[in-house]
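Remember, it's 1-based here, ligands and their atoms both numbered in the order they're listed.
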Amino acid sequence: MNVPLVDLHIQYESIAEEIAVATREVMERGDFILGRAVGAFEEEFADFCDVKHVVGVATGTDALHLGMLACGIGPGDEVITAANSFIASASAISFTGATPVFADINPDTYNIDPGSVEKAITSHTKAVMPVHLYGQPADMDAIVKLARRHNLRIIEDASQAHGAEWNGKRVGSFGDVTAFSFYPGKNLGAYGDGGAAATNNPEIAEKLKMLRNYGQSKKYHHDFLAFNSRLDTLQAAILRVKLRRMNAWNEQRRQAALIYNRILTSLDISPPSVAKDAQSVYHLYVIRSPQRDALVERLNERGVGAGVHYPISIPQQKAYASLRYKLGDFPHAEKACSEVLSLPMFPEITEKQIEYVCDTLADILIAGNFVIGVSNRPEQRIAA
Ligand SMILES: Cc1ncc(COP(=O)(O)O)c(C=O)c1O
């Protein structure tokens, strides 16, 4: 059996007819740039996130970048974010001219640790950027509280968490701005690049609309220099079709996670921890092992598409060498980066496929005397 990390084809087949109709409509109308589907999608996605405004942009990275610019973040400012995200969380901060400052993570949830954020606050801190990693919301109660106390903006990076909830509230409704990515493999993925910024603030929404469209207030009137970063109309039409199924697809991911949890627990392997106030949308299903690289290799050899998200913490990336962070500055994030592995996860994954993944994992562990588990708890050794 072959179980890919993500299977986009099976999902496409289930919606192919509707995609054909939606994309044909755009081509027949010819409104390829900021066409009708963009506005319609923005309204529908705002409803989905329970926010007032959504502005479609070209990528998730741009949603973060332009979102921070719309909040007035720039040179001389510091923005605190998690040390273990995809590089774009931090690079978007750098693109505004501000400096990314990193915080360590909670080793159970892999999300930013509010205590570590608090320690990183200086007189230059303008914002905190929680990343809802792997589909699980960060601790938004603590983050909202500390942001209020220190008068900081909140920029949520929800690129991996469309529809996730903290205390019954959807991500996107906590921050001044929230960024979503529609990269094809995301829970809500386009058939190319796409992104959106969500906000409850009408001024930020207006600024975002200008920032994505050359700083135009009306055609050929440019109030400031800005970008060409518009959500493509064809992608918006595709996203509208997929959005109708988002809640159901997220529920299918949660059901798949329950099956994984049950089987892995029976094998003495720790499933991912979800905070009691969080409802995860399982963008990724992540376990850990100190012998991660060898384990991933063996899984891949046996047809299980395991992956690593992400192998190097952002402060340890060459691109950020100039910030002079040292190994050991973010011990929980660094350990996670060396141990985490993602097992196949997508809404259509079957129970049989999950059983195959878990059986294969158990076989490899037994044959190889691998250690697997959560490093901050006693590890479970599956002996040969
Ligand atoms: C956490 C996180 N932030 C930002 C991004 C950037 O999104 P995009 O690739 O759409 O620019 C991604 C995904 O790629 C992501 O996973």
Side-chain angles (χ1 to χ4, degrees), residues 5-6 8 41 45 54-69 79-96 100 102-103 105 109-112 127-138 140 143 154-164 171-172 174-175 177-198 208 211-212 227-232 235-236 238-239 242 253 278 280-286 307-315 317 319-320 333 336-337 340 342 345-346:
L5 183 63
V6 177
L8 296 180
F41 171 71
F45 193 56
V54 161
V55 178
V57 294
T59 65
T61 309
D62 283 359
L64 288 167
H65 176 202
L66 305 190
M68 284 184 277
L69 290 179
V79 179
I80 302 172
T81 193
N84 66 330
S85 182
F86 181 60
I87 184 85
S89 309
S91 55
I93 298 169
S94 303
F95 298 154
T96 68
F102 298 101
I105 57 164
T109 63
Y110 306 112
N111 272 326
I112 196 163
V128 55
M129 181 198 289
V131 181
H132 307 306
L133 204 67
Y134 307 149
Q136 170 165 202
M140 292 313 293
I143 287 163
I154 298 174
I155 313 294
E156 291 178 72
D157 184 346
S159 297
Q160 303 190 358
H162 318 71
V171 300
F174 296 91
V177 179
T178 300
F180 292 90
S181 164
F182 304 128
Y183 179 83
K186 300 294 197 241
N187 287 37
L188 180 57
Y191 291 159
D193 275 311
L208 275 162
L211 279 163
R212 75 172 171 185
F227 305 87
N228 173 0
S229 175
R230 302 170 294 217
L231 177 62
D232 185 86
Q235 298 303 339
I238 290 160
L239 288 165
K242 295 182 118 195
R253 286 175 184 269
S280 175
V281 289
Y282 288 97
H283 173 56
L284 294 168
Y285 187 90
V286 175
V308 175
H309 303 89
Y310 298 90
I312 303 172
S313 72
I314 303 179
Q317 294 286 354
Y320 278 122
C337 288
V340 292
S342 311
M345 171 56 83
F346 44 94

| query | Under a heavy-atom criterion of less than 4.0 Å, does Asp157 contact ligand 1? | reply | yes

| request: Please check if the distance between the ring centroids of Phe182 and Phe41 is under 6.0 Å. | output: yes

| request: Using only heavy-atom distances, determine whether the side chains of Tyr320 and Ser94 contain a donor-acceptor pair under 3.5 Å. | output: yes

| message | Less than 3.5 Å apart, any donor N or O on the side chain of Glu156 or Thr178 sitting next to an acceptor on the other? | response | yes

| message | At less than 4.0 angstrom from any non-hydrogen atom of Thr61, what atoms of ligand 1 do you find? | response | 6 (C), 7 (O), 8 (P), 11 (O)

| Ser89: numbered ligand 1 atoms lying under 4.0 Å from its heavy atoms | 3 (N)

| query | Taking the six-membered ring for Trp, are His162 and Phe180 parallel (under 30°), tilted (30 to 60°) or perpendicular (over 60°)? | reply | tilted

| field | Distance-only N or O hit between ligand 1 and Lys186, under 3.5 Å | value | yes

| field | Pair Phe95 and Phe227, ring centroids less than 6.0 Å apart | value | no

| query | Tyr310: heavy atom below 4.0 Å from ligand 1, yes or no? | reply | yes

| Does any N or O in the side chain of Arg253 come within less than 3.5 Å of the main-chain N or O of Tyr282, such that one atom is a donor and the other an acceptor? | yes

| said: Closer than 4.0 Å to some heavy atom of Ser85 - which atoms of ligand 1 meet that? | reply: 1 (C)

| Side-chain (Gln235) to main-chain (Tyr191) donor-acceptor, under 3.5 angstrom | yes

| query | With distance as the sole test, does Lys186 use its side chain to make a donor-acceptor pair with the main-chain N or O of Ser159 at under 3.5 Å? | reply | no

| said: Which option wins on minimum heavy-atom distance to atom 10 (O) of ligand 1: Gly195, Ala190, Ala161, Ser181? | reply: Ser181

| task | May I ask you to list the atoms of ligand 1 that are less than 4.0 angstrom from any heavy atom of Val131? | result | 1 (C)

| query | Among Ala196, Ser159, Gly185, Gly194, which residue places a heavy atom closest to atom 2 (C) of ligand 1? | reply | Ser159

| query | Hey, does Gln160 come in under 3.5 Å of ligand 1, counting only N/O atoms on both sides? | reply | yes

| message | Which of the numbered atoms in ligand 1 are under 4.0 angstrom from any heavy atom belonging to Gly60? | response | 7 (O), 8 (P), 10 (O), 11 (O)

| message | Test your reading of the model: is there a side-chain donor-acceptor pair from Asn84 to the backbone of Tyr110, 3.5 Å cut-off? | response | yes

| request: Report the nearest protein non-hydrogen atom to atom 12 (C) of ligand 1: residue, atom name, distance rounded to 0.1 Å. | output: Phe86 CD2, 3.6 Å

| Purely on distance, is any nitrogen or oxygen of Ala88 under 3.5 Å from one on ligand 1? | no

